[in-house]
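The structure appears right after this line, and notes come after that.
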Amino acid sequence: MIGFEMTATLSGLLIGMVCGLVPLIVGIRTHTLKPGIMGFVACTFSGFACGFLGGIPMILLATAVVISHAYIDREDPFTSRASIDEVSFEESWQDFALRKLAGLGRTVRASTHALVRNKAGFLGFLGLLFFFLMTVFGPSFIEYDGSAHLERRQPGARSLFQGPSAEFPLGLDWQGRDVLSHIVYGGRTLILTSVEAGIITTIIAVLLGSMAALLGGVVDQLLSAASNFILTIPQFPLLLVLASLVNFDSPIYLALLFAALGWPALMRAVRAQVLSLRERDYVQAAVALDLGLPHIISREVLPNMISYIVVNMIFSIRAAMYSLVGLMFLGMVPLREPDWGMMIFMGRQQGALFNTAAASMLLSPILAIALFQLSLVLFTRSLEEIFNPRLRSGV
Amino acid sequence: MTPLVELRHVNRTFKKGRTPIPVLQDINLAVAPNEILCLVGESGCGKTTTGKIMAGLLDASSGEMLYEGRSLVAYRGQARADARRALQIVHQDPFASLNPAHTIGQILSYPLKRHNMVQGRAAVRRRIWELLTLVDLTPPGDIVNKFPHQLSGGQRQRVSIARALTVEPRLIVADEAVSMVDVSIRISLLKMLHRLRDELNVAIVFITHDLALAKYFAWEGRIAVMYLGRVVEIGATANVIGHPAHPYTRALIAAIPEADPELTRNKQRMKLRSEDIPSLTQIPPGCSFHPRCPFFVPGVCDTRVPPLENAPGFSQDVACIPLTSGMGLQEWAPVEDMVADGP
Ligand SMILES: Nc1ncnc2c1ncn2[C@@H]1O[C@H](COP(=O)(O)OP(=O)(O)OP(=O)(O)O)[C@@H](O)[C@H]1O
Ligand SMILES: [Mg+2]
């Protein structure tokens with residue numbers, strides 16, 4: 001869904017390199033070699049990771065950045081200081097496209113600057129990048145190890161658990177399997193399910209929240225009542241009960257269940273935001289200018305909520321991951337191995353809590369989850385800067 | 001000549017919980033094409049509400065808002081859209097009136113494109129250039145690609161005005177449009193509004209709580225003084241300022257700092273009987289100013305709502321029964337005595 005499903009493949013690498021030719025050639029033609037090469041690298045990388053899905057959008061972004069570098073010296077008639085009679089406002093389609101691309105490129109560059117500028121946020125970004133690389137590229141280097149390394153068994157040891165060693169950096173689990181390979185392979189389902197849950201939660205919350213705010217009346221009352229009702233239910237016990245009743249053979253059902261229980265808090269926040277944005281002077285001005293409801297929602301209201309929405313989506317992802325791990329720890333979700341949550345559950349079942357040799361096996365998934373969560377939270381700092389035009393342009 | 005916009009017996013209530021609060025009561029105002037009308041009054045007297053109704057942004061609870069002699073609700077289809085667009089508003093807060101997510105160029109281009117004010121991309125850019133020049137934001141090239149937060153308060157207010165001008169309005173309601181910008185910028189903004197009115201043939205409803213500002217801006221126009229949701233005095237600025245009729249107007253003029261010699265000359269010692277403005281939920285019966293009025297006549301002022309009409313000896317209309325019924329000035333006790341043996 002978001003690239004996690006894909007693993008690095010050779011064809012992906014090829015796709016990425018072909019995509020990368022576009023910014024590279026544009027860079028060579030416009031004598032902006034450095035951005036061109038960087039664009040090539042970016043395209044290759046994202047094509048490698050996600051195939052067409054990553055390569056093609058990256059062509060646009062990278063080319064835009066290259067053009068924004070090249071366009072700087074170009075004279076935009078608009079920015080000249082001449083009087084109106086001396087300025088030509090006519091613009092060919094090519095010039096128009098170039099100007100628009102350069103604008104996009106500048107936004108991309110400003111966003112990367114904003115991303116790097118906030119130290120905490122950048123750290124979070126690096127953390128997420130690490131998990132992304134590990135999940136996507138890790139399998140190319142580390143094979144999944146499902147067999148027991150019985151030969152490693154120490155004489156007289158009561159279990160197959162083992163601490164870190166040169167051959168197995170994170171030790172062995174209760175069946176004598178490599179923990180590192182489980183960490184590399186075990187994040188995918190957990191992360192994917194949490195991200196899906198977070199996205200679905202946010203979509204529901206934003207739709208219902210803006211509906212409640214804009215339509216008001218009965219709709220508003222019904223939605224508020226529903227959200228109040230769901231908010232008063234103790235969520236985790238309900239999840240437990242549902243998880244034991246329903247057989248979740250696919251993670252998407254779990255994601256939907258989390259979303260069904262998770263939307264009310266965000267929906268109320270969105271409703272309040274839309275209500276307050278609706279009264280802003282610039283929205284009133286748009287009404288007086290008769291710019292139409294679609295324009296008002298998409299251009300006046302949403303852009304000023306997007307940072308709020310995205311940050312809350314991150315928090316929803318976090319919450320979903322906690323619930324998911326909690327359910328797995330209690331053994332309520334029959335997800336298949338390898339999985340970080342299953343590692344914790346199985347470790348506890350197999351007596352890892354009372355075995356010093358099992359410490360690395362138990363701590364590794366816990367640390368992975370904690371680090372992922374921390375990265376998410378830190379990353380929101382950068383997101384706030386990226387989506388805020390004031391912070392983005394650095395004034 | 002038919003007025004451009006006219007409010008007829010307009011009332012407006014807002015609900016606070018269950019209780020309706022009468023914010024405007026029986027407002028009658030007409031604005032002629034190309035006229036300047038100033039609304040003055042204390043905070044909370046309903047100036048903004050009146051302005052919003054005139055700009056078509058708010059409906060009256062009862063009464064009528066007429067545009068070119070026809071009720072605004074009677075317009076249909078394209079005529080209605082045209083009427084809506086002919087009425088624009090410029091807000092007080094330059095920091096809230098522009099969307100922080102768009103550049104100035106985008107802000108100005110949306111209405112131009114939406115309403116096909118000009119044809120084609122080049123024409124849109126040309127028009128943006130013209131508009132920015134019109135509101136003295138030169139050179140326009142330095143402004144178009146900036147975001148609102150990169151401009152000063154005065155510059156933003158100019159952008160707001162340019163945005164209102166994109167749709168070629170007939171009326172601009174300027175709601176405290178200069179009160180939040182630096183004093184040094186104010187005069188140039190006001191001069192610009194004057195110039196726009198002359199060049200573009202728009203009428204301007206200028207809302208302010210500052211009588212000195214009103215006098216400066218609307219010297220050739222009219223002033224309407226509002227108190228607790230009613231118009232208490234209306235007339236040519238020179239008359240209202242030079243020869244104020246309503247006790248409330250006199251009190252306002254008396255409260256102006258000494259800087260303006262012309263206003264100071266007309267001052268008389270005014271001592272209100274009470275400094276408190278009554279709450280809108282408990283509007284006093286009769287003339288709503290009577291509990292504070294130093295010229296209060298028991299049995300007259302607190303029984304009947306005074307109509308807004310011409311008073312003998314004045315050329316403006318005033319809502320004050322002792323004045324309009326010709327009871328005359330001499331019957332009113334001097335301020336000092338009122339305080340001494342007041343009720
Ligand atoms: N949307 C609303 N809901 C409830 N009450 C409102 C609303 N808008 C205005 N009011 C009330 O109406 C009264 C008049 O408000 P208005 O904004 O018209 O006053 P104003 O003369 O413009 O004051 P100011 O000088 O402070 O801007 C105030 O008491 C205000 O609280
Ligand atoms: Mg106001």
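Note that these values count all heavy atoms, side chains included, but never hydrogens, waters or copies made by symmetry.
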Which portion of [X] sits near chain A, non-hydrogen atoms under 4.5 angstrom:
X	answer
B:R114	side chain
B:A81	both
B:L57	side chain
B:T166	side chain
B:K52	side chain

Q.
Within this structure, what is the CG-CD distance for the pair B:L58 and A:Q284, rounded to the nearest 0.5 Å?
A.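 Spacing of CG (B:L58) from CD (A:Q284) equals 8.5 Å.
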
Q) If you measure from CG on A:D281 to CG on B:D175, what distance do you get to the nearest 0.5 Å? A)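 If I round to the nearest 0.5 Å, the distance is 8.5 Å.
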
Q.
A side-chain contact here means heavy atoms from C-beta on lying under 4.5 Å apart; do A:L289 and B:R85 qualify?
A. no

Q | Sole candidate of B:P100, B:P148, B:S97, B:S160 that passes side-chain contact (heavy atoms from CB on, under 4.5 Å) when paired with A:Y282 | A |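 Exactly one option meets the side-chain contact (heavy atoms from CB on, under 4.5 Å) with A:Y282, and it is B:P100.
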
Q. Is there a donor-acceptor pair closer than 3.5 Å between any side-chain N or O of B:Q88 and the backbone N or O of A:A288?
A.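 Pair found, side chain donor or acceptor close to backbone of A:A288.
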
Q: For chain B, find which of A:V287, A:V283, A:D290 contributes the most heavy-atom pairs closer than 4.5 angstrom.
A: A:D290

Q: Mind ranking A:R299, A:R280, A:H295 by heavy-atom pairs under 4.5 Å with chain B and telling me who comes out on top?
A: A:R299

Q: For each of B:H115, B:H91, B:Q106, tally heavy-atom pairs with chain A at distances under 4.5 Å, and name the one with the top tally.
A: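 Sorted descending by pairs with chain A, the first entry is B:H91.
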
Heavy-atom count check: over 12 atoms from other residues, nucleotides or ligands less than 6.0 Å from [X] [atom1]?
X	atom1	answer
B:R186	CZ	yes
A:M38	CE	no
A:R29	CZ	no

